[in-house]
6 protein chains.
Amino acid sequence: MTDLVTFGETMLRLSPPRGDRLETTRELAVQAGGAESNVAVGAARLGVDAAWLSKLPDSPLGRRVTSELRSHGVSPGVAWTDPAESRVGTYYLEHGGVPRGTNVIYDRADAAITTVEPDELPTETLTGAQWFHTTGITPALSPTAAATTTALLRHAGEAGVTRSFDLNYRSKLWEPDEAREAYAALFEHVDVLFVPRRDAREVLGRDGSAVEVAHGLATAHGFETVVVTRGDEGALALTDGDVYEQPVFEAETFDAIGTGDAFVAGFVAERLHGGDVSDALEWGAATAAVKRTTDGDLAVTTRAEVESVVAGGDEISR
Amino acid sequence: MTDLVTFGETMLRLSPPRGDRLETTRELAVQAGGAESNVAVGAARLGVDAAWLSKLPDSPLGRRVTSELRSHGVSPGVAWTDPAESRVGTYYLEHGGVPRGTNVIYDRADAAITTVEPDELPTETLTGAQWFHTTGITPALSPTAAATTTALLRHAGEAGVTRSFDLNYRSKLWEPDEAREAYAALFEHVDVLFVPRRDAREVLGRDGSAVEVAHGLATAHGFETVVVTRGDEGALALTDGDVYEQPVFEAETFDAIGTGDAFVAGFVAERLHGGDVSDALEWGAATAAVKRTTDGDLAVTTRAEVESVVAGGDEISR
Amino acid sequence: MTDLVTFGETMLRLSPPRGDRLETTRELAVQAGGAESNVAVGAARLGVDAAWLSKLPDSPLGRRVTSELRSHGVSPGVAWTDPAESRVGTYYLEHGGVPRGTNVIYDRADAAITTVEPDELPTETLTGAQWFHTTGITPALSPTAAATTTALLRHAGEAGVTRSFDLNYRSKLWEPDEAREAYAALFEHVDVLFVPRRDAREVLGRDGSAVEVAHGLATAHGFETVVVTRGDEGALALTDGDVYEQPVFEAETFDAIGTGDAFVAGFVAERLHGGDVSDALEWGAATAAVKRTTDGDLAVTTRAEVESVVAGGDEISR
Amino acid sequence: MTDLVTFGETMLRLSPPRGDRLETTRELAVQAGGAESNVAVGAARLGVDAAWLSKLPDSPLGRRVTSELRSHGVSPGVAWTDPAESRVGTYYLEHGGVPRGTNVIYDRADAAITTVEPDELPTETLTGAQWFHTTGITPALSPTAAATTTALLRHAGEAGVTRSFDLNYRSKLWEPDEAREAYAALFEHVDVLFVPRRDAREVLGRDGSAVEVAHGLATAHGFETVVVTRGDEGALALTDGDVYEQPVFEAETFDAIGTGDAFVAGFVAERLHGGDVSDALEWGAATAAVKRTTDGDLAVTTRAEVESVVAGGDEISR
Amino acid sequence: MTDLVTFGETMLRLSPPRGDRLETTRELAVQAGGAESNVAVGAARLGVDAAWLSKLPDSPLGRRVTSELRSHGVSPGVAWTDPAESRVGTYYLEHGGVPRGTNVIYDRADAAITTVEPDELPTETLTGAQWFHTTGITPALSPTAAATTTALLRHAGEAGVTRSFDLNYRSKLWEPDEAREAYAALFEHVDVLFVPRRDAREVLGRDGSAVEVAHGLATAHGFETVVVTRGDEGALALTDGDVYEQPVFEAETFDAIGTGDAFVAGFVAERLHGGDVSDALEWGAATAAVKRTTDGDLAVTTRAEVESVVAGGDEISR
Amino acid sequence: MTDLVTFGETMLRLSPPRGDRLETTRELAVQAGGAESNVAVGAARLGVDAAWLSKLPDSPLGRRVTSELRSHGVSPGVAWTDPAESRVGTYYLEHGGVPRGTNVIYDRADAAITTVEPDELPTETLTGAQWFHTTGITPALSPTAAATTTALLRHAGEAGVTRSFDLNYRSKLWEPDEAREAYAALFEHVDVLFVPRRDAREVLGRDGSAVEVAHGLATAHGFETVVVTRGDEGALALTDGDVYEQPVFEAETFDAIGTGDAFVAGFVAERLHGGDVSDALEWGAATAAVKRTTDGDLAVTTRAEVESVVAGGDEISR
């Protein structure tokens, strides 16, 4: 029985070796990456029976995506399309460092998911599931994808499934105004909101402290839980009127991409495992910390490892 | 002074290691590849002052293409576009072997070149040039690209530049009927035609022997020279009523992609170097043979090396 | 619903780069390999819902195995054990060529599977399955593994599941006499036998032509089908008194390891897909041919690709 | 003439690329690693004529070990065994970082060395040698290996060779009580003891300051010299009633594995080169610092380089 | 029209993977590196039309150098020589870290450039150019190279071209006294001097503060501008009696080699782009900072990227 | 006790990946290669106690050479020189294939060995040795190296050591006339001559059949044994008036470089092992065949493997 269902686009992530640049490289590492499948993978690795819904061309490139997700135990529920008519989104990632930073180039226009409709997807997996998760990236991809996002959230709500939503605002996909309007329409179908402090201010127009933001959003949209993330300052959750704070765990960062998704994965996995919101925040932070030490979008970890981080110890033994 | 100008799309070629498959690979080699820039590179390496016209996004990916062409001495004449509005075409190449063969997956829809217009390009490089080359791929990419192909051929003709055209029919881009009609409109602006025997039959509807095909096409369209290629059976040229035959040179094939472009490069380079059609065929065949021994689309060779193949000797010395 | 269940050991396969030798290498490619999971993977890739039963330490190395199998769609049914008490078998593979050949070094003693007992395994997956497959390697690993093999075959038979057995004699694991005796005890629980012509003679003591061997074995042990493989000479099947012959498909071999398992995978997949024994032989041969062109033990292919080989065509397109 | 003889197990160390994890990797770097051969290599590179005694299967994997040791100038004195009857120990090393840390998985059970007996080894190399070194790992491997350790220490003592012993407690191999008892029996044959402060407390039950520990151990067991190592706090030696302290040299750590062995190598090399205990501590610390900057277990360095670190300078020149 | 012309030796740079050492490595990365071509490449990437003059054997190794420079848009003006009579200089680079540091081994004796004479070079490119740059390495290579350096500086001066000179003292090539004398003879032909604070003291014998050094040198040799670099303390320029100071930009260093050349490239590019000395210092510092984050000698960057560093922001977006 | 001593230059061999070309590559594999050390390594791997005499700079590059030779069990007897005054020879190797073939570029001028004098070398290793081997490359490197070659051959003769000489004519080092004269002076100190049929004709001016060549040379110079190699046609030996013929063993060639040295290694090893000339030819041919299947100059093999080739069997087992 599937516990968690996520929905969204997964791309091929192409990245040159460290120190090398996209405009001169002769070699690209290939990995699967997408906010919602990142969450599914992270949760699956923490013991959750997880599925992921999406649309892909029935080609080696489309199967490249599902192959990697399956390897982590995620069940792909894919609307396969004619490869002559559609494509897999890709993104090019160049790790820099101060001062040039990390650079991401998207090549995701017209990806198969932009035409996804609810009835193409195996939405029956939602029946009996406990949790549904999607993010603010999907509605930005196309009007059709936005409508399908709404439909799935509504469907999940009707099936009594807890629905979480990670704002994940992407300035390369749309403008704040456009995004705010789209979010507002979705929020009525959301139970748990994850939102970065900065996006709350810049996109949703919510000033004030993180607590104030959480209260404001919860009041305005009736969220059961609001989790505000603040980068190095840690996360904060408001639920049933109670506020919980969670600092970040120290981590030697190898690759920061996917940290937020790992946080959500840890949070959801612990909630599904019976933990309360406070426990879930801690698991979120610990999963995120492990993620930072590994290459790729995915939180390649285990329950034992995250438990050990939560318990505070990391040991170098021989 | 530029001697040779080519025009067309160049893509990023992405290929997994030998024995690995696209749907499981974690690593892709990146190279630049495109029929017309392949010809420019091959000719440049044989001593020709070569330029290549195209349209690319002004991004690391666009510059990845020009960087590689420049390294071989080709001058890129690029209409740079806003990377937020356009993309670089890519193609995924998986080398197989009997029985599964080599597989190519194009991801070139909506590449920047599909919107290319003549006045974006530095067409002044054609003035004073001796040779212009393009292929049947470009007109298949979009009506705009087709119109620009015609305009450049016409412009070259007005400037007294010899114009060659490689049929390069791509069944993944259009249907034979559509292609035939487009070719017919272009042929009046072409002096030298390169055409595979098979495409002559299946696309142009020309049956009969290679000689008959050459005569038929020359008569119908007034070509100065027609070169019919027949794979392992070698090439044949008809010019001024004379027929020349050229067998292939033996080669241990490492990578067959780009063989036809290498042939054209060798042919054109030798013509520009003063050789007659017979010499040019021999240089074409020799350049193609060297190409097959190297990785990638490009004929990474030198005049000395091709001369040595033409002269018949390859030596293992130490 | 699972269609195919296989049972056996899967090892980590460690191999140096081509041209390099184990005794000097600094780099080993890691892949999962084991006769029975090779069959499960091959069949899963051809559309069969396949599971694989085994025993592994609950460690990153054990999970390395299941991760790779899952990526191809196989459901692992693993008895996970304490990693402090058990190990994952490994095998080192060095590709040579004439005259030194390919060398395999096993390091599989005391692997977790040697202690596997039926009640540790999720044998309920057999209920409702259509086919069960195991090989002559498993009973050679330990008396416990042999007893469990017998138990599973018996259990499958009681559940009305077709049972196939690939002799897979390994001279490094036991002597012919010992093997013959063990096989004889298992044969009564087997419906479909795969046996190399050479092993039939050297281990089972069956001389005569392949047809005679098949008849002799079928008569002696009551097999529904006997498939005799003869390397380059192709395979032969005897079923219901009818004999079918199947030549091999031409293939440029990149890695021959796993060819026999790919053959079984193709055969079983086609039988489960409704094909008769003759069709199944053809699918076996075609799957084996594709396998030879790829790196690793696994037949990384698709229905479409195998169909295309069966149909006789492999095309290099661009 | 051999100056230094060491005795112990050397394994194949298998490690994935940085950022990658054992459970997903497709590539493992192979290196030889073992506490006692690490010391032999480090000392040999610093000009000592060093031999190493052990037992290995006569296979490419066994020779892989000796090949690497020989490359650094160490003379292997190996009892070669039938590869069908024995194995080479391996260990899998995954470099992490805070918070998950470095993970080591041993697969060394039943390695050839567990059956090593003194008369299989070329113990004549001890005659005329000046120093013999072994560690607390070897006696933990098997009773036979423990007995052979004792025998070699006794033999070395009879031959007038200085005997050093590095406690090297491995919690994955035995319990503190068991270890303490075994150590106690060996200590009477040891002249120079290397012991980490933590193991002194947790395994040997010695509380108090490092000086007190050193005094206590020297008094109890009659050691000529006791060297107590304290990680980042540096080392301390007690010899002839005098105490010497040595801080660590600053180092940018690439790989910390083998640091302790490099320390011993530097110490022993300098003692054999005529330095006093104080000089030896400094060489130990400097060799350890260089080791940390390099990949693998081994201190790949030179006398000139260590001298330069001792002298305090490291220069980036061009 | 060429804006910038540089002159000097470019070598093949050969470096082992991080953590590996030259004396044990089996793999070397190959890159082109040389102070003057580093400047040409950096400036070309910042929009300057740059050429580089040198002498190389007409061999694959010589062409390996020009191929890489061309890829960045630099026009090579090479005196090609008989490869049987000359060689390409190489340098081996091993990245260490504290305490062993970075090690460079030159193998540049008798490189083709040691015989370079002015009339072999396409010095006509100087006519119409705006800037000529060379360094103190070239005169150290041979008396002939020194004479040619003088001749080119004189020729540039006669053509009204601004001439810059980077002291670049190399202690492996000559002694301070010898160098000082050679520099003195060249200084009369130099308009802009780049000099490290340390070399000013140790080679030119100029004590005092950086400002005093700049004033002293400007007064003594009539330089238009003197730029004194002080490593982490930033740079200082004296021009027309005014002093400008520039701190370094923060950078996570991947590879420090080429930092000084990147500084010069940024400085010259901004001067040619119309910036004043203060702007040029800032561009120099920013280009140097980006260089440090990339692998190799070259500043692989763009105007937009350096502008963004100058403007103070680096963003990690996704 | 050393059985075999060889003398000659060993270079660093630098080669790009297959399919890549020197003029575009970014990566070079590094290996040690030199005719005489190739023989020492091959013989050492076949059980001979082998030493190799040479001269190298005391640098990481010089030690890179000895490190690799030591790993195969060869004892280096090196005259170490000041790295500021000398260099290690290198050679660049590009594997092609028909028609471009394999290309070798030497960069060995002024290598340390060109100044080698007998009294720098540990010639005492010759005392008690059974065999001394050198080749026609060494005298071509410099007059000093030639004189030292003569001195060592004479010294070996006086010590009663069998002396073999492989003609190994290198057209890139000297002219036939010059070589012939040098060889003639050396031949009086040689007992066993290895000579390719072609060099016998083109350099030594000996026409006629291989047997006639052998007789002619044996008569003219008093060789005990003459071995004439004829590529694919196999080898022929004349000794004591008897003629032995040896065909080549079939081999799938991965890398042909070093085949001739492997032949000599196998021949010498078998002679030292007590085999007669006929056995030695067979071992030479078998060692050469194994060599062809491996990457690099060296015959990385074992007695067991060569015995198995001699016995005619190569098996692929699993």
Side-chain angles (χ1 to χ4, degrees), chain A residues 11-17 20-32 56-71 82-94 96 100 103-112 114 171-175 295-296 298, chain B residues 11-17 20-32 56-71 82-94 96 100 103-112 114 170-175 295-296:
Chain A
M11 293 174 281
L12 293 179
R13 157 184 159 153
L14 303 172
S15 46
D20 209 348
R21 305 214 62 171
L22 281 170
E23 62 188 279
T24 49
T25 195
R26 294 195 189 164
E27 189 184 327
L28 293 168
V30 194
Q31 290 161 302
L56 285 170
D58 187 12
S59 73
L61 304 178
R63 291 190 296 270
R64 175 63 185 78
V65 169
T66 52
S67 164
E68 184 163 344
L69 302 185
R70 269 205 194 96
S71 76
D82 180 352
E85 304 288 322
S86 62
R87 57 187 300 268
V88 179
T90 56
Y91 85 91
Y92 295 83
L93 170 68
E94 182 184 285
R100 65 180 166 99
N103 187 30
V104 170
I105 297 178
Y106 290 113
D107 184 9
R108 71 200 309 183
D110 298 318
T114 57
S171 61
K172 293 188 180 178
L173 292 175
W174 52 5
E175 294 301 311
D295 190 36
L298 305 178
Chain B
M11 296 174 280
L12 294 178
R13 159 185 157 152
L14 304 171
S15 48
D20 210 348
R21 304 215 61 172
L22 281 170
E23 62 186 278
T24 49
T25 195
R26 293 192 188 166
E27 191 184 326
L28 292 168
V30 195
Q31 289 161 303
L56 285 170
D58 187 10
S59 72
L61 304 178
R63 291 190 295 272
R64 174 64 186 76
V65 169
T66 52
S67 164
E68 184 164 343
L69 302 186
R70 267 204 195 96
S71 75
D82 180 351
E85 306 287 323
S86 62
R87 57 188 299 268
V88 179
T90 55
Y91 84 90
Y92 295 83
L93 171 67
E94 182 183 285
R100 65 180 166 99
N103 188 29
V104 169
I105 297 177
Y106 290 113
D107 185 9
R108 72 201 306 183
D110 298 319
T114 56
R170 291 286 181 272
S171 61
K172 293 187 180 179
L173 292 175
W174 53 4
E175 295 299 313
D295 190 36

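Every value quoted in this text rests on a predicted model; they were computed, and no experiment measured them. Residue numbers begin at 1 in each chain, while the letters A, B, ... track the order of the sequences. Values below: all heavy atoms of this structure, side chains included; hydrogens, waters and symmetry mates excluded.
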Structural part of B/Thr90 lying under 4.5 Å from a heavy atom of chain A: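 For B/Thr90, the side chain is the part near chain A, not the backbone.
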Contacting moiety of B/Val88, where chain A heavy atoms sit under 4.5 Å: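 Contact with chain A is through the backbone of B/Val88 alone.
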Of B/Leu12, B/Val30, B/Leu14, the residue whose pairing with A/Leu14 passes side-chain contact (heavy atoms from CB on, under 4.5 Å):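 Output: one option passes, namely B/Leu14.
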Matching residue for A/Pro60 among B/Thr25, B/Thr24, B/Ile105 - test: side-chain contact (heavy atoms from CB on, under 4.5 Å):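 Checked B/Thr25, B/Thr24, B/Ile105 against A/Pro60; only one passes side-chain contact (heavy atoms from CB on, under 4.5 Å): B/Ile105.
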Structural part of A/Ser15 lying under 4.5 Å from a heavy atom of chain B: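 Nothing of A/Ser15, per the 4.5 Å heavy-atom cut-off to chain B.
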Interchain contact, A/Arg87 with chain B, by part (heavy-atom threshold 4.5 Å):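 Interface part for A/Arg87: side chain.
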Listed partners of B/Ser59 passing side chain to side chain contact (heavy atoms under 4.5 Å, CB included), at least two apart: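 Side chain to side chain contact (heavy atoms under 4.5 Å, CB included) check on B/Ser59 returns B/Pro57, B/Leu61, B/Pro83.
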With B/Arg13 via side-chain hydrogen bond (donor to acceptor under 3.5 Å, both in side chains) - residues at least two apart: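 B/Arg13: side-chain hydrogen bond (donor to acceptor under 3.5 Å, both in side chains) contacts with B/Gln31, B/Asp255, B/Asp297.
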Nearest-0.5 Å distance that lies between atom CZ in B/Arg63 and atom CG in A/Leu22: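 So the CZ of B/Arg63 and the CG of A/Leu22 are separated by 10.0 Å.
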